[in-house]
Amino acid sequence: MARILITSAIPYINGIKHLGNLVGSQLPADLFARYMRARGHEVLFICATDEHGTPAELAAAKAGKPVDAYCAEMHEVQAEIARGFRLSFDHFGRSSSQRNHRLTQHFAKALDDNGLIREVSEKQVYSIDDGRFLPDRYIEGTCPNCGYTSARGDQCDNCTKQLDPTDLINPRSTISGSTNLEVRETKHLYLMQRSLRDKLEAWIDSKTDWPILTTSIAKKWLNDGDGLQDRGITRDLHWGIPVQKGDQPWPGMEGKVFYVWFDAPIEYIAGTAEWADAKGLDDSAWERWWRTDKGASDVTYYQFMGKDNVPFHTLSFPATILGSGEPWKLVDYLKSFNYLNYDGGQFSTSRGRGVFMDQALSILPSDYWRWWLLSHAPESSDAEFTWENFQASVNKDLADVLGNLVSRVTKFAVSKFGATVPSGGTFGPQEAAVIADLGSRITTYSALMEEMEVRKAAAELRGIWVVGNEYLQSAAPWTVVKTDPDRAQAMVRLALNLIRVYAILSRPFIPDAAAAMMSAMGSDDWTWPEDISAALRTLPVGQAFTVPENLFRKITDEERADWQTRFSGIRV
RNA sequence: GGCUAGGUAGCUCAGCUGGUUAGAGCACGUGACUCAUAAUCACGGGGUCGGGGGUUCGAGUCCCCCCCUCGCCA
């Protein structure tokens, strides 16, 4: 038994995420966690909400709520949706937790003690009416280059020329529209990533088994232009983790907070501490997952995220860990995903284009989405969601291949032999062939799951389902029963056992349907079928089973057309 | 403009270090079966692997140029 730590990139608190966000991190992480648990490993799966920063403050203001209350509320909303998708987090934490405050301040002190923090004085635009410094993208004005009146502080969207906020003519705050702005001098802390560059590069170079997507992004940042840059880790904001050196004040930094990208990944650790707190365990319970001097040396740590998060997880966060000089666990395997596009374009949160997690659950159960998203996960390149493809995949794979298999087996069995596992006959060559076929397929499937080859694993699982239909078709118990009822009973017995085995194998992808299959077979034995021959003889003869409701319903053309128009833009 | 990843059957995608007639699922056609959610199973048609050069006994797979998507960055 191995010890496996899994984290999913933490979703930002501001609003409900769309399916592209889901399939890029939380869902594949859940798949992997469920699989590893099924194999009997000790798994800890942590996620959280990322709560700090300007967007959270603005969203709270828009909602007319204090930012802490807003975050608490949105955290609960996201947690509820996560439960709806059956995301099996051991803990769903919050980056605003006290645990994260203390750890973030601790890391800042450790970095400073090691000479890796420097102070930088810089000029930034301050909005007097808003009472805050404005990040570049919250300033608009007239482009000095082309005269476009809605140029942003970092770039003009019209002429694409790169700008400095102070270049803008008649600059204004996009938050309030106020033009009462001035340039103020402010001091910030920078993490000296440059001095950790070689260490980081050596570490990245040692990860030869990582996806190309992951390492190529990391190397680009290490080598592009002047190479890895030092990074500001503080901001002039109110909502965030106060800048402190451990539990001591940081002279000159009063009133400032850490930058959200500094504290967010630390929440992986803090979230584990929150998990221990929630369980009433002491510090050693979470430290054994993170501190190699306190029992974590045998932990294998996996991270899951979309490609936009890769630089922070391959460079910035490791810089924090390595720079601390303390024995914290570094990620062992980083699985990254490309983007999911929506019907010929992008998912767009701001324009409400695409399907959001709450809407998805309002039209179909989570298993439908889990299956489609995972079997089409954007692993090697960006992938495309279309309603036609979704409909075809759900109807064929789930309803026809798997759902109908369960249906035909149980209904036939009940009508001929009653609602108990029949005792007659013995397994012969046909059954031996099925056992051999499944044995090798399960080996393949397991290997793909361990390699996190999500799409290929889904395809193999589907192949495993098809084996059941192939067997029934060639064995034809409905014909055999007329001349040799005992033989037909043996066939039915195998088929019923098949349903239980399929429940186990399918559970990481479609947990609800798997539970329904298992329960219909009157069993609760989820032991992984290492020995498929024995696994197909597990249900006791005479044990009662039930005919489950159809596991999956089909999506009609009318529904598809309706959804297609409903989710084409403008979220209602 | 720089960079990453892609451009393979109607659609969604596999094809590791170059090697027999380029694969899967869906869709389509034909047949079988009738237990089942008009489900299933078998067989079949369909691709000059974005374009053009080159290296090689041999290239979808390596090199060069060009075109086109997606994304990132400046």
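Lettering of chains follows the sequences in order, A, B, ..., and the numbering in each one begins at 1.
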*Distance between the P atoms of rA74(B) and rG15(B), in whole angstroms?*
32 Å

Using both distances under 3.5 Å as the test, list the Watson-Crick or G-U wobble partner of [N], or none.
N: rG58(B); answer: none
N: rU34(B); answer: none
N: rG25(B); answer: rC11(B)

*asked:* So, OP1 or OP2 of rU37(B): does either fall under 4.0 Å of a side-chain N or O from K411(A)?
replied: yes

*Closer than 4.0 Å, any side-chain N/O of R462(A) to the OP1 or OP2 of rA24(B)?*
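Answer no for this pair, as no side-chain N or O of R462(A) is under 4.0 Å from OP1 or OP2.
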
_Among Y445(A), W371(A), Y471(A), F509(A), which residue satisfies the ring-ring contact (aromatic ring centres under 6.0 Å, His included) criterion with W465(A)?_
W371(A)

*Would you mind listing every salt bridge (charged side-chain N to carboxylate O under 4.0 Å, His left out) that reaches into residues 460-484 of chain A, with sequence neighbours excluded?*
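Output for this query lists D397(A)-R462(A), R441(A)-E460(A).
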
*Which residue pairs satisfy the salt bridge (charged side-chain N to carboxylate O under 4.0 Å, His left out) criterion with at least one member in residues 418-432 of chain A, sequence neighbours excluded?*
E431(A)-R487(A)

*Set of side chain to side chain contact (heavy atoms under 4.5 Å, CB included) partners for A264(A), sequence neighbours left out*: I10(A), D50(A)

Between the protein and nucleotides 70-72 of chain B, list every N/O to N/O distance that falls short of 3.5 Å.
residue, atom, partner, partner atom, Å
rC70(B), O2', D382(A), OD2, 2.4
rG71(B), OP1, Q346(A), OE1, 3.0
rG71(B), OP1, Q346(A), NE2, 2.5

*In terms of the angle between their ring planes, are W369(A) and W387(A) parallel, tilted or perpendicular, with boundaries placed at 30° and 60°?*
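W369(A) and W387(A): perpendicular rings.
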
*For the residue pair H18(A) and F356(A), categorise the inter-ring angle as parallel (less than 30°), tilted (30 to 60°) or perpendicular (more than 60°).*
perpendicular

*Which of the following nucleotides, rA36(B), rC35(B), rU12(B), is nearest to the side chain of S407(A)?*
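Of all the options, the side chain of S407(A) is nearest to rA36(B).
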
_Matching residue for D367(A) among I510(A), L398(A), V394(A) - test: side-chain contact (heavy atoms from CB on, under 4.5 Å)_ =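 Of I510(A), L398(A), V394(A), side-chain contact (heavy atoms from CB on, under 4.5 Å) with D367(A) is met by I510(A) alone.
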
*Below 6.0 angstrom between ring centroids: does that apply to F385(A) and Y342(A)?*
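Yes.
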
Might you list the N or O atoms of the protein lying below 3.5 Å from N or O atoms in nucleotides 40-47 of chain B, with each pair's distance?
residue, atom, partner, partner atom, Å
rU40(B), OP1, K396(A), NZ, 2.8
rU40(B), OP2, K396(A), NZ, 3.2
rU40(B), O2', R408(A), NH1, 3.1
rU40(B), O2', Q473(A), OE1, 3.0
rU40(B), O2, Q473(A), OE1, 3.1
rU40(B), O2, Q473(A), NE2, 3.2

*Give, ordered by number, those residues of residues 542-563 of chain A having at least one heavy-atom distance below 4.0 Å to an atom of RNA chain B; if nothing qualifies, reply none.*
N550(A), L551(A), F552(A), K554(A)

*5′-ward residue of the pair H376(A)/W478(A) relative to RNA chain B*: H376(A)

_What contact category does K456(A) fall into here, base, sugar-phosphate, or nothing, at under 4.0 angstrom with non-hydrogen atoms?_
sugar-phosphate

